[in-house]
Amino acid sequence: TLMFEIDDPILRSDFLGKVGGIEEKIYIQIDKEKIKAVPEKDLDRTSADGKASSVQFIHFNFSQNQIENFKKLNSEVFLGIDHNLYNHMTKITDECKNLLVRDFN
């Protein structure tokens with residue numbers, strides 16, 4: 001689950017009104033390899049006029065090789081968004097990475 005939390009209602013409305021399709025631009029990067037998020041298809045979270053929902057439900061489908069690379073102690077893992085109006089990437093801390101590894105077991 002990804003949530004865009006913007007306290008100011010005017011800024012929130014302005015931001016969400018511009019980032020339609022952002023759910024298609026989310027990825028996890030393990031070292032140099034990117035794994036694109038797969039948005040849930042239960043309903044469209046981007047309206048016809050390009051407004052995105054503040055909450056996005058996404059999944060990452062890892063191959064066995066990607067799982068093994070994720071688990072390596074020396075691998076660097078990033079979470080990113082590569083939308084033309086919102087581009088951000090952050091490194092997953094070792095503590096968070098170790099907790100996420102449990103999901104693969």
Original post:
Are Ile22 and Val38 grouped together when hydrophobic residues (ILVMFWY) are joined by side-chain heavy atoms under 4.5 angstrom apart?
Top reply: no
Subject >> Qualifying residues under side-chain contact (heavy atoms from CB on, under 4.5 Å), relative to Glu95, sequence neighbours excluded >> reply: Thr93
Original post:
Between atom OH of Tyr86 and atom CG of Leu16, what is the distance when rounded to the nearest 0.5 Å?
Top reply: 11.0 Å
Result block: side-chain N/O donor-acceptor pairs under 3.5 angstrom for residues 71-83, not counting sequence neighbours:
residue: Lys71; atom: NZ; partner: Asn105; partner atom: OD1; Å: 3.2
residue: Lys72; atom: NZ; partner: Asn69; partner atom: OD1; Å: 3.2
residue: Ser75; atom: OG; partner: Asn69; partner atom: O; Å: 2.9
residue: Ser75; atom: OG; partner: Phe70; partner atom: O; Å: 3.3
residue: Ser75; atom: OG; partner: Lys72; partner atom: O; Å: 3.0
residue: Ser75; atom: OG; partner: Lys97; partner atom: NZ; Å: 2.7
residue: Glu76; atom: OE2; partner: Lys91; partner atom: NZ; Å: 3.3
residue: Asp82; atom: OD1; partner: Asn87; partner atom: ND2; Å: 3.0
residue: His83; atom: ND1; partner: Leu85; partner atom: N; Å: 3.0
residue: His83; atom: NE2; partner: Gly20; partner atom: O; Å: 3.3

**OP:** Please identify each residue that fulfils ring-ring contact (aromatic ring centres under 6.0 Å, His included) with Tyr27, with sequence neighbours left out.
**Re:** none
**OP:** Hey, could you give me the OG/CE distance between Ser54 and Met3, rounded to the nearest 0.5 Å?
**Re:** 6.5 Å
Subject >> Which residues share a side-chain contact (heavy atoms from CB on, under 4.5 Å) with His59, sequence neighbours left out >> reply: Glu40
Original post:
With the 4.5 Å side-chain cut-off for hydrophobic clustering, are Leu99 and Ile92 part of the same group?
Top reply: no
Subject >> salt bridge (Lys or Arg N to Asp or Glu O under 4.0 Å) contacts in which one or both residues fall within residues 28-38, not counting sequence neighbours >> reply: none
**OP:** Quick one: list whatever passes side-chain contact (heavy atoms from CB on, under 4.5 Å) with Asp8, sequence neighbours left out.
**Re:** Ile10, Leu11
Subject >> Reported CD-to-CD1 distance for the pair Gln66 and Ile35, which is rounded to 0.5 angstrom >> reply: 4.0 Å
**OP:** Evaluate side chain to side chain contact (heavy atoms under 4.5 Å, CB included) for Ile30 paired with Phe62, printing each intermediate quantity in order.
**Re:** CA-CA 11 Å; Ile30 305 168; Phe62 288 84; 3.6 Å; yes
Original post:
Is it true that Phe4 and Ile28 fall in one hydrophobic cluster, defined by side-chain heavy atoms closer than 4.5 Å?
Top reply: yes
**OP:** Please report the closest heavy-atom contact between Arg12 and Ile6, naming both atoms and the distance.
**Re:** NH1-O, 2.6 Å
**OP:** Rounded to the nearest 0.5 Å, what's the gap from CG on Leu2 to OG on Ser53? Could you check?
**Re:** 10.0 Å
Original post:
Are Ile58 and Ile67 co-members of a hydrophobic cluster defined by side-chain heavy atoms under 4.5 Å apart?
Top reply: yes
